[in-house]
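Reading through the structure tokens given below for one structure.
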Amino acid sequence: MDISDKLKGRDFISIHDFSEAEVAYILEVGLELKKEQKKGIAHPILAGKTLGMIFQKASTRTRVAFEVGMYQLGGHALFLSPRDIQIGRGETIKDTSLVLSRMVDGIMIRTFDHEEVLEMARWSSVPVINGLTDLLHPTQVIGDMMTIHEHKGGLRGLKLAFIGDGNNVAHELLFGGAKVGMDVTIACPEGFEPDKEVLKLAEKDALETGAKLQVIDDPWKAVKGADVIYTDVWASMGQEGEADEKEKKFLQFQVNKALLMAANPGAIVMHCLPAKRGKEITDEVMDGPQSVVFDESENRLHAHKAIMALTM
Ligand code: CP
Ligand code: NVA
């Protein structure tokens, strides 16, 4: 397919940084690349280009989607483990960014502190892609919005209920929903609400699209009238030590059959994965007919290809 160069050279750090039209274009390219791949039409848009991938946290989906995606686009991806590269021995993000920029055409980084992605982007002369931080997970939500679009025929006017921790995925869903005009309600236990600054920025974006954003503490209220029910682990990577303590507070926030029955008939169930089955989601729901969790996983591949093809 022909790719416009209007996003060339841009970093991909949050959906919040892109206009409504730009987000729509990324989704359109993702869905188109998916179609081409299914038909066996080659699309070597990034032939000869290289993506450096720094993972400071574990990953299955994100790593495989970027690596396979880059291969399908005709380029090459390098997995850079902190155990092997000099960041692990204290080389700064700034110096790493300056060095990598001289050799690769794009840098993907998954890390803890969001500031590190911003620092990487500050010094990089090639696009930097945020592969998840403690604050945000934008490549996830592009794939998720593609998935919702495929199952519901659009995004505007839909209602998404996120049940659980006000975490990186919840934050990015607020940004994503706000940009495309999809209502997002976050239901979380008191003390686990999304970041206030993220909510404020998303609310500003929502004024332009009419999306309604809410944070409440009642999962039953959240799923009423919902077209999409979304959940994620109660303890994210880096919070392993808090898992037991959190579990007690989140017991009422499990996505199970009873909660699903309280949503719109035909509501779809989403989870970014990996899941703790039997905790935030039951087997019955995750393996049930309304679950689209593995479509979501697959769509990471097509979403990442769109992000790379457009920015690199
Ligand atoms: N959803 C997601 O980002 O999965 P990984 O941690 O396996 O990459
Ligand atoms: N909130 C989860 C998402 C994993 C893809 C985490 O940060 O661990």
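Residue indices begin at 1 and follow the sequence shown. All values below come from the heavy atoms of this structure, side chains included, with hydrogens, waters and symmetry mates left out. All of these numbers come straight from a predicted model, not from anything done at the bench.
- The closest side-chain donor-acceptor pair between Asn130 and His137, if any, does not fall under 3.5 angstrom.
- No side-chain N or O of Gln254 forms a donor-acceptor pair with one of Lys279 less than 3.5 Å apart.
- Phe55 does not carry Arg63 over the face of its six-membered ring by the limits of under 6.0 Å from the centre and within 45° of the normal.
- Pairs engaging residues 75-99 under the salt bridge (charged side-chain N to carboxylate O under 4.0 Å, His left out) rule: none recorded [sequence neighbours left out].
- Classification of Lys152 and Asp227 as a salt-bridged pair fails, no side-chain N sitting under 4.0 Å from a carboxylate O.
- With hydrogens and angles ignored, the 3.5 Å screen pairs no side-chain donor or acceptor of Lys8 with any backbone N or O of Thr311.
- Side-chain contact, Thr147 with Asn299: a donor N or O sits under 3.5 Å from an acceptor N or O.
- The pair Arg61-Glu298 does not meet the salt-bridge criterion, since no charged nitrogen lies less than 4.0 angstrom from a carboxylate oxygen.
- A distance-only check finds no donor-acceptor pair linking the side chain of Ser291 to the backbone of Asp287 [under 3.5 Å].
- Among Ile268, Leu173, Asp183, the one residue that satisfies the side chain to side chain contact (heavy atoms under 4.5 Å, CB included) test with Leu160 is Leu173.
- Side-chain N/O atoms of Thr282 and Arg277 include no donor and acceptor closer than 3.5 Å.
- We find that Lys39 and Glu36 are not joined by a salt bridge, their nearest charged nitrogen and carboxylate oxygen being 4.0 Å or further apart.
- Checking Thr111 against Glu116 by side-chain atom types alone, a donor-acceptor pair falls below 3.5 Å.
- At a threshold of 4.0 Å, the pair Asp134-Lys57 counts as salt-bridged, since one of the basic side-chain nitrogens sits closer than that to a carboxylate oxygen.
- The pair Lys200-Glu203 does not meet the salt-bridge criterion, since no charged nitrogen lies less than 4.0 angstrom from a carboxylate oxygen.
- Residues Gln37 and His43 bring no donor and acceptor atom of their side chains to less than 3.5 Å of each other.
- Note on Asp165 versus Lys249: no salt bridge recorded, every NZ/NE/NH1/NH2 to OD/OE distance being 4.0 Å or above.
- The pair Glu20-Arg156 counts as a salt bridge, with a side-chain nitrogen and a carboxylate oxygen less than 4.0 angstrom apart.
- When only modelled atom types and interatomic distance are considered, Asp205 and His16 share a side-chain donor-acceptor pair under 3.5 Å.
- With no hydrogens or angles considered, a side-chain donor-acceptor pair links Asp144 and Gln140 at under 3.5 Å.
- At a cut-off of 3.5 Å, with distance as the only test, no side-chain donor of His271 or Thr231 sits close to an acceptor on the other residue.
- Salt bridge annotation for Glu22-Arg10: present, with a cationic side-chain nitrogen under 4.0 angstrom from a carboxylate oxygen.
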